[in-house]
Amino acid sequence: KEGGVMVRIDWRYLEERGDYKNDTSKNRGFSLVEVDTHYDIKTVLEEFYDSMNEPVQIINIRQERI
């Protein structure tokens, strides 16, 4: 079977903490792997925001073949 696709969201808390607070070049990551099902961006963002408990800022969204 061929590989799938990974959607990666780089993000930061609006009120960042720890090493991330002092180094703005560091981002946190959220990944959704697609193998048999392709998810549209709306679904990916819903999954992302459903997993967050605090306000966040999205830095980048990218898609990679795996």
Side-chain angles (χ1 to χ4, degrees):
K1 192 176 219 179
E2 291 290 320
V5 174
M6 178 180 70
V7 178
R8 167 86 177 179
I9 299 175
D10 298 324
W11 61 277
R12 295 176 60 83
Y13 287 113
L14 289 184
E15 294 187 20
E16 199 52 85
R17 57 191 72 99
D19 292 343
Y20 293 91
K21 182 175 185 174
N22 299 325
D23 186 350
T24 58
S25 70
K26 289 184 176 183
N27 297 317
R28 298 173 187 270
F30 173 90
S31 299
L32 182 64
V33 176
E34 306 169 349
V35 176
D36 294 324
T37 304
H38 174 72
Y39 299 103
D40 61 16
I41 191 65
K42 180 181 178 198
T43 302
V44 173
L45 289 172
E46 285 173 347
E47 290 290 325
F48 171 73
Y49 282 115
D50 284 349
S51 69
M52 297 293 115
N53 296 321
E54 298 177 42
V56 298
Q57 174 186 17
I58 292 178
I59 306 300
N60 190 28
I61 301 173
R62 65 185 180 276
Q63 194 176 53
E64 302 172 11
R65 295 227 173 263
I66 54 172

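For the atom pair CG (L45) and CZ (F30), the distance works out to 9.0 Å, reported to the nearest 0.5 Å. Here the straight-line distance linking atom CD1 of I59 with atom NZ of K26 works out to 14.5 Å at 0.5 Å rounding. With values rounded to the nearest 0.5 angstrom, E46 atom CD is found 11.5 Å from L32 atom CG. Note: E34 CD to I66 CD1 = 9.0 Å, rounded to the nearest 0.5 Å. In this structure, D36 CG and H38 NE2 are separated by 13.5 Å, a value rounded to the nearest 0.5 Å. For the atom pair CZ of R62 and CE of M6, the computed distance is 6.5 Å after rounding to the nearest 0.5 Å.
Hydrophobic clustering, with ILVMFWY side chains joined whenever heavy atoms are under 4.5 angstrom apart, groups I41 together with W11. V35 and V7 are assigned to two separate hydrophobic clusters, defined by single-linkage of ILVMFWY side chains at heavy-atom distances under 4.5 Å.
Contact record, S31 with R8: OG-CD, 3.5 Å, taken as the closest heavy-atom pair. Here the shortest heavy-atom pairing between V44 and Y39 reads CG2-CB, 4.0 Å.
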Subject >> Pair R12-T24, side chain to side chain contact (heavy atoms under 4.5 Å, CB included): steps then yes or no >> reply: CA-CA 9 Å; R12 295 176 60 83; T24 58; 4.3 Å; yes

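Between L14 and V56, the closest side-chain pair of non-hydrogen atoms is not below 4.5 Å. Between Y49 and I58, the closest side-chain pair of non-hydrogen atoms falls below 4.5 Å.
Under the 6.0 Å distance and 45° angle rule, R28 counts as a cation-pi partner of Y20. Under the 6.0 Å distance and 45° angle rule, R17 counts as a cation-pi partner of Y13.
Remark: K21 does not engage D19 in a salt bridge, criterion side-chain N to carboxylate O under 4.0 Å.
For E15, the CD atom sits in a loose shell: 12 or fewer heavy atoms of surrounding residues, nucleotides or ligands are nearer than 6.0 Å.
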